[in-house]
Amino acid sequence: MKGMKEMRVISGERKGTRLKAVPGDQTRPTTDKVKESLFNVIGPYFNGGRALDLFAGSGGLGIESLSRGCDEAVFVDQHHKAVQTIQDNLRTTRYTDQARVLKKDVAIALAELASEDPFKLIYLDPPYAKERLTEHVTYIEQHDMLTDNGVIVCEHDSAVELPDRIGRLEVVRRLRYSAVISITLYEFMEAEEDHE
């Protein structure tokens, strides 16, 4: 059934735990296949750090990050059903104490989170018809919301090509999964100046 695709935690300490999808067809959960491929690229396991799951939907990406070793995750979604689903999935995976769920517009949430410690992983998976990815990534870069060794994961329609560089961030990988699903990864550019 549309919107009720079964999902699970792929790896880590909660491997195999089933996750609820958000009821209805307003969200588009990242499939287990795409999730597994993504984490093979960005690093199978993490030694601490914070994750930020924007347009979180069911919370699958942030929960996967916790299972693979992140210390904390912040989930942002403005839709009531999504927030309820995230909270249910956090209870199921027993990560409630390591998580914060914000029922807010992403731009408002970013402004509030900008004064906190930076994130190691930031996921942006907006509704494809309402993408403002360049704008959001620009804000994250300008407000130093990503750690030096962190990565921004943007899931988007394959017809959309994001800029190679946004401020000090540059594209390190472009992953195309289908005619409609692609992921672009941003990291900080290596410093090019000579340190002699």
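Remember, predicted model here, so these are calculated numbers, not experimental data.
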Chemist: Would you compute the distance between atom CG of Leu133 and atom OG1 of Thr138 and round it to the nearest 0.5 angstrom?
Modeler: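 So the CG of Leu133 and the OG1 of Thr138 are separated by 10.5 Å.
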
Chemist: Could you grab the distance from atom CG of Asp53 to atom CZ of Arg100, nearest 0.5 Å is fine?
Modeler: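 Taking CG in Asp53 and CZ in Arg100, the distance rounds to 13.5 Å.
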
Chemist: Is there a side-chain contact between Leu169 and Phe188 (heavy atoms, below 4.5 Å)?
Modeler: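 Touching, per the 4.5 Å side-chain cut-off.
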
Chemist: Just wondering, do Gln87 and Val101 contact through their side chains at under 4.5 Å, heavy atoms?
Modeler: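 They are in side-chain contact.
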
Chemist: Taking the side chain as every heavy atom from C-beta outward, state whether Leu52 and Leu110 have any atom pair closer than 4.5 Å.
Modeler: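 SC-SC contact between Leu52 and Leu110 confirmed.
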
Chemist: Would you say the side-chain atoms of Arg68 pair up with the backbone N or O of Phe46, donor to acceptor, closer than 3.5 Å?
Modeler: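 No, because the side chain of Arg68 does not come within donor-acceptor range (under 3.5 Å) of the backbone of Phe46.
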
Chemist: Got Leu102 and Leu113 here, is their nearest side-chain heavy-atom distance under 4.5 Å?
Modeler: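 Side-chain contact under 4.5 Å: yes.
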
Chemist: For a quick test of reading the model, state the closest non-hydrogen atom pair linking Ile10 to Lys15 and the distance between them.
Modeler: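 That would be O-CG, 3.3 Å.
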
Chemist: So which heavy atom on Ile86 is nearest to which on Gly59, and how close?
Modeler: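 Taking Ile86 first and Gly59 second, the nearest heavy atoms are CG1-N, 3.8 Å.
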
Chemist: Working to the nearest 0.5 Å, report the span between CD of Gln84 and CG of Asp77.
Modeler: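 If we round to the nearest 0.5 Å, Gln84:CD and Asp77:CG are 12.0 Å apart.
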
Chemist: Would Asp88 and Arg91 satisfy side-chain contact (heavy atoms from CB on, under 4.5 Å), going step by step from the backbone distance to the final call?
Modeler: CA-CA 5 Å; Asp88 286 346; Arg91 282 191 289 270; 2.5 Å; yes

Chemist: Rounded at 0.5 Å granularity, tell me how far CZ in Arg176 sits from CD1 in Ile181.
Modeler: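 It is 11.0 Å, given to the nearest 0.5 Å.
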
Chemist: Let me check something: do Tyr123 and Ile108 share a hydrophobic cluster, defined by ILVMFWY side-chain heavy atoms less than 4.5 Å apart, either directly or through other members?
Modeler: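 Tyr123 and Ile108: separate clusters.
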
Chemist: Show the numbers, then the answer: is there a side-chain contact (heavy atoms from CB on, under 4.5 Å) between Leu19 and Val9?
Modeler: CA-CA 7 Å; Leu19 301 175; Val9 179; 4.2 Å; yes

Chemist: State whether the side chain of Asn89 and the backbone N or O of Ser58 hold a donor-acceptor pair below 3.5 Å, judged by distance alone.
Modeler: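 Yes.
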
Chemist: Would you say CZ of Arg173 has more than 12 non-hydrogen atoms from neighbouring residues, nucleotides or ligands within 6.0 angstrom?
Modeler: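 Counting neighbours around CZ of Arg173, 12 or fewer heavy atoms of other residues, nucleotides or ligands fall under 6.0 Å, so no.
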
Chemist: Hey, could you give me the CZ/CG distance between Phe75 and Leu61, rounded to the nearest 0.5 Å?
Modeler: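 If we round to the nearest 0.5 Å, Phe75:CZ and Leu61:CG are 9.0 Å apart.
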
Chemist: Please name the pair of heavy atoms, one in Lys120 and one in Leu146, separated by the smallest distance, quoted to 0.1 Å.
Modeler: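 Answer, listing the atom of Lys120 first, then Leu146: O-CD1, 3.9 Å.
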
Chemist: Where do Cys70 and Gln98 come nearest, in terms of heavy atoms and distance?
Modeler: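 Smallest heavy-atom distance, with atoms named: O-NE2, 3.8 Å.
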
Chemist: Find out whether Val137 and Cys154 are in side-chain contact, i.e. whether some heavy atom of one side chain is under 4.5 Å from a heavy atom of the other.
Modeler: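 They are in side-chain contact.
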
Chemist: Taking Lys33's backbone N and O only, do any of them form a donor-acceptor pair with Ser37's side chain (distance below 3.5 Å, no angle check)?
Modeler: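 Pair absent, no side-chain N/O of Ser37 close to backbone of Lys33.
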
Chemist: Where is the tightest heavy-atom contact between Lys103 and His79, given as atom of each residue plus distance?
Modeler: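 Nearest pair, atom of Lys103 first, then His79: CE-C, 4.4 Å.
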
Chemist: Decide, yes or no, whether a salt bridge links Asp148 with Arg168 under the criterion of side-chain N to carboxylate O below 4.0 Å.
Modeler: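 Salt bridge flag = no for Arg168 with Asp148.
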
Chemist: Let me confirm one number: the OG1-CE distance from Thr147 to Met145, rounded to the nearest 0.5 Å.
Modeler: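 Reported value, rounded in 0.5 Å steps: 12.0 Å.
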
Chemist: For the side chain of Arg50 and the backbone of Asp117, is there at least one donor-acceptor N/O pair under 3.5 Å apart?
Modeler: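 Pair found, side chain donor or acceptor close to backbone of Asp117.
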
Chemist: Ile152 and side-chain contact (heavy atoms from CB on, under 4.5 Å): which partner among Val171, Ile140, Leu185, Leu54?
Modeler: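 Result: among Val171, Ile140, Leu185, Leu54, Ile140 is the only option passing the side-chain contact (heavy atoms from CB on, under 4.5 Å) with Ile152.
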
Chemist: So, do Glu64 and Ser11 sit near enough that their side-chain heavy atoms are less than 4.5 Å apart?
Modeler: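 With C-beta onward as the side chain, the pair touches.
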
Chemist: Does Asp97 CG have over 12 foreign heavy atoms under 6.0 Å away?
Modeler: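 No, because the 6.0 Å sphere around CG of Asp97 holds 12 heavy atoms or fewer from other groups.
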
Chemist: May I ask you to test the Phe39-Lys35 pair for a side-chain heavy-atom distance under 4.5 Å?
Modeler: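 Yes, at least one pair of side-chain atoms sits under 4.5 Å.
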
Chemist: So Tyr177 and Ser158, do their side chains get closer than 4.5 Å, heavy atoms only?
Modeler: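 Contact flag for Ser158/Tyr177 side chains = no.
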
Chemist: Keeping the roles fixed (side chain from Arg174, backbone from Leu162), state whether a donor-acceptor pair exists under 3.5 Å.
Modeler: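 Side chain of Arg174 to backbone of Leu162: a pair is present.
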
Chemist: With hydrophobic residues grouped by side-chain heavy-atom distances under 4.5 Å, do Tyr45 and Ile122 end up in a single group?
Modeler: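 Tyr45 and Ile122: separate clusters.
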
Chemist: Looking at Arg18, I'd like to know if its CZ atom is crowded, meaning that more than 12 non-hydrogen atoms belonging to other residues, nucleotides or ligands lie closer than 6.0 Å.
Modeler: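 For Arg18, atom CZ is not crowded (no more than 12 foreign heavy atoms under 6.0 Å).
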
Chemist: Might you point out which heavy atoms bring Ser67 and Tyr95 nearest each other, and give the distance in Å?
Modeler: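 Ser67 and Tyr95 have their closest heavy atoms at CA-OH, 3.1 Å.
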
